[in-house]
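Encoded as structure tokens, the structure appears first; notes follow it.
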Amino acid sequence: SRMYSVDSISSDFYHQMQGEMIVLSSVMGREISWCDFFVWSPDERRCARVEFDSTYFYKDVLPKLRNFYFDCYVPVAQKMPVGVSGSQLERCARQLTKEDLRRRKA
């Protein structure tokens with residue numbers, strides 16, 4: 001199995017850690033300024049401390065989250081029938097997304 005590097009953390013993991021620190025800070029009512037990125041395999045373990053980067057979060061991550069939420073999620077969620085769940089919800093969301101894409105191309 002492939003061992004992830006703690007020296008060069010994947011951007012997916014880095015985004016996730018930054019987001020988790022800001023959410024946890026809000027929930028706990030105090031600043032969470034770091035977390036540990038821990039990688040485990042049967043043969044070895046590695047750990048790296050990751051600091052919260054407020055400039056990066058507020059200038060890069062948060063604008064992308066806002067765009068996704070307001071431009072993608074909310075328009076689809078507003079059109080969802082009440083009580084739809086599970087596979088019905090997935091089908092409905094895919095259909096609404098396809099309709100929105102067709103309208104934008106027209």
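Note that CZ of R46 is 10.5 Å distant from CZ of F37, once rounded to the nearest 0.5 Å. Put simply, CD on Q16 and OG on S11 are 11.5 Å apart, with the number rounded to the nearest 0.5 Å. Atom-to-atom distance recorded for E20:CD and S25:OG is 11.5 Å, nearest 0.5 angstrom. Atom-to-atom distance recorded for I22:CD1 and L62:CG is 8.5 Å, nearest 0.5 angstrom.
A single hydrophobic cluster is not seen to contain both Y69 and L65; linkage of ILVMFWY side chains at heavy-atom distances under 4.5 Å, directly or through other members, places them apart. Note: the hydrophobic cluster containing W34 does not contain F38 (ILVMFWY, side chain heavy atoms under 4.5 Å, direct or indirect links). F13 and F57 fall within a single hydrophobic cluster, where Ile, Leu, Val, Met, Phe, Trp and Tyr side chains are chained together by heavy-atom contacts under 4.5 Å.
Scanning both residues, R45 and D43, for their nearest heavy atoms gives NH1-C, 4.4 Å. Taking both residues in full, the closest heavy atoms of M21 and S33 are given as SD-C, 4.2 Å, listed atom of the first, atom of the second, then distance. Minimum heavy-atom separation, I32 to F52: O-CB, 3.9 Å. Minimum heavy-atom separation, D53 to Y56: OD1-N, 3.1 Å. The heavy-atom pair separating P75 from F70 by the smallest distance is CD-O, 3.3 Å.
Ion pairing of E51 with R49 is absent here, as no side-chain N (NZ or NE/NH1/NH2) approaches a carboxylate O to less than 4.0 Å.
The shortest side-chain heavy-atom distance between M17 and I9 falls under the 4.5 Å cut-off.
Within a 6.0 Å radius of OH in Y73, other residues, nucleotides and ligands contribute 12 heavy atoms or fewer.
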